[in-house]
Amino acid sequence: GLRFSVSLKVSMASAELLEVGMPVMRRRNLLIGAAALATVAACNGAGGAAATSPDDMSYGPANAPVTLVEYFSVACPICKQFHEEVFHEIKSKYADTGKIRIILREVPTHNAHVALGGFQVARCGGATADQYLARVGVMFQQQDILDGPSTSTSDDKLFEIGRSAGLSDQQLNTCVDDPAGPQRLQRNSDALSNKYGGSWGTPLLELNGQRLQDQADRFGQPRPIRGF
């Protein structure tokens, strides 16, 4: 299965995240690793703050000793599995209790049309971080429909999700057409390509600035594409 394996040094100590496997996700290892890093960082006074931008959605305190950054796509099946099986447990146990900070960054992998439209709807109407995450969760639940045979089917489903979140069609049309969306996804994609070249897929996780060596491409996860 897909595995994450990394040894991270925080201040003068290190902690390992061992064999977090997907699709058979070994959640315990990632959760233990996050807890270990939080403990080590706190004991050693290490800072895990990552540079942030208005593009980011973040959870947990800005001065947390550990920062987990996830690059993801609402159209990515492995991202769906990670969020449904691991992400929310990490958030509730560590971000919501102030031990770590989680930053979400959007990229248009798998199906660029669905990814872009999904993220536009998720942010629409000045969504809070929690509203954004709730909408993303619904999109993951409906991912098979969103990734259907036609863009019209995808668009209809995205508008249905938006309406269920209390957004009007006028709001949704404005949000979907907002040119800031493609620019945001392109910035995040370019940042990853500049850092890792062509060797990356989603979900891509960085813990205190160091990449958790994912193997998403083994599952045929396409590279981000331009022109979306």
Side-chain angles (χ1 to χ4, degrees), residues 50-59 62 69-80 82-83 87 101-198 200-206 216 221-228:
T52 59
S53 79
D55 293 345
D56 297 337
M57 285 291 179
S58 62
Y59 306 86
V69 177
E70 181 194 1
Y71 291 86
F72 80 112
S73 168
V74 293
C76 160
I78 302 176
C79 301
K80 165 185 163 72
F82 175 72
H83 272 250
F87 176 88
R101 187 184 195 197
I102 298 173
I103 296 173
L104 297 181
R105 292 180 179 158
E106 305 161 353
V107 290
T109 50
H110 190 73
N111 182 323
H113 179 84
V114 171
L116 174 59
F119 286 131
Q120 298 286 67
V121 171
R123 289 175 176 268
C124 193
T128 66
D130 287 338
Q131 289 173 328
Y132 170 90
L133 195 59
R135 294 175 193 176
V136 165
V138 175
M139 291 173 200
F140 279 140
Q141 293 171 4
Q142 302 290 323
Q143 193 179 77
D144 289 345
I145 299 173
L146 289 171
D147 196 26
S150 69
T151 57
S152 62
T153 300
S154 302
D155 294 345
D156 288 346
K157 177 54 68 173
L158 286 174
F159 268 63
E160 179 184 315
I161 292 170
R163 292 186 197 105
S164 70
L167 299 168
S168 68
D169 283 8
Q170 182 178 356
Q171 285 178 298
L172 289 165
N173 280 312
T174 299
C175 291
V176 168
D177 292 336
D178 184 358
Q183 294 166 9
R184 180 176 63 251
L185 270 62
Q186 192 67 65
R187 280 193 296 272
N188 288 335
S189 298
D190 288 346
L192 285 178
S193 294
N194 290 339
K195 186 181 289 190
Y196 301 118
W200 65 271
T202 53
L204 188 147
L205 304 176
E206 294 175 335
Q221 182 65 41
R223 306 288 189 270
I225 60 174
R226 297 179 181 272
F228 53 87

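Source: prediction; values computed, not measured. Numbering starts at 1 and runs along the sequence shown. Just so it is clear, the values below take in all heavy atoms, side chains as well, and ignore hydrogens, waters and symmetry mates.
Separating the OG atom in Ser154 from the CE atom in Met139 is a distance of 11.5 Å, to the nearest 0.5 Å. Gln141 CD to Ile161 CD1: the interatomic distance, rounded to the nearest 0.5 Å, is 9.0 Å. Separation of atoms OG1 (Thr174) and CG (Leu167) is listed at 11.0 Å; rounding is to 0.5 Å. Remark: Phe72 CZ to Phe82 CZ distance equals 10.5 Å, nearest 0.5 Å. Note that the OG atom of Ser53 and the CZ atom of Arg184 stand 9.5 Å from one another [nearest 0.5 Å]. With values rounded to the nearest 0.5 angstrom, Glu106 atom CD is found 7.0 Å from Met57 atom CE.
Between the side chains of Ser73 and Thr202, no donor N or O sits under 3.5 Å from an acceptor N or O.
Using a 30° and 60° split on the angle between ring planes, Phe119 and Tyr132 fall in the parallel class, below 30°. Between His83 and Phe140, the ring planes are tilted. Angles from 30° to 60° get that label.
Side-chain atoms of Trp200 and Val107, non-hydrogen and from C-beta on, do get closer than 4.5 Å to each other. Here the side chains of Asp178 and Gln120 are in contact, with some heavy-atom distance below 4.5 Å.
A donor-acceptor contact shorter than 3.5 Å links the side chain of Arg135 to the backbone of Cys124.
In this structure, Val176 and Val121 approach most closely via the heavy-atom pair CG2-CG2, 4.3 Å. Listed here is the closest heavy atom pair of Pro77 and Gln143: CA-OE1, 3.2 Å. Considering all non-hydrogen atoms of both residues, Tyr71 and Asn188 come closest at CE2-O, 4.2 Å. In plain terms, the two heavy atoms of Tyr59 and Ala129 that are nearest each other are OH-O, 2.6 Å. Across all non-hydrogen atoms, the minimal contact from Pro108 to Ser189 is CD-OG, 3.1 Å. Closest non-hydrogen pair, Glu70 versus Pro203, comes out as OE2-CB, 3.7 Å.
Using a 4.0 Å cut-off between a side-chain N of Lys or Arg and a carboxylate O of Asp or Glu, Lys157 and Glu160 qualify as a salt bridge.
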**Item:** Candidate pair His110 and Lys80, rule side-chain contact (heavy atoms from CB on, under 4.5 Å), full reasoning
**Value:** CA-CA 12 Å; His110 190 73; Lys80 165 185 163 72; over 6 Å; no
**Prompt:** Passes side-chain contact (heavy atoms from CB on, under 4.5 Å), Phe87 versus Val136? Steps please.
**Reply:** CA-CA 12 Å; Phe87 176 88; Val136 165; over 6 Å; no
**Request:** Evaluate the salt bridge (charged side-chain N to carboxylate O under 4.0 Å, His left out) criterion for residues Asp55 and Arg105: first the C-alpha distance (whole Å), next the side-chain angles of each, then the deciding distance (0.1 Å), finally the verdict.
**Result:** CA-CA 7 Å; Asp55 293 345; Arg105 292 180 179 158; over 6 Å; no
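None of Asp156, Asp155, Leu158 except one satisfies the side chain to side chain contact (heavy atoms under 4.5 Å, CB included) rule with Leu146; the exception is Leu158.
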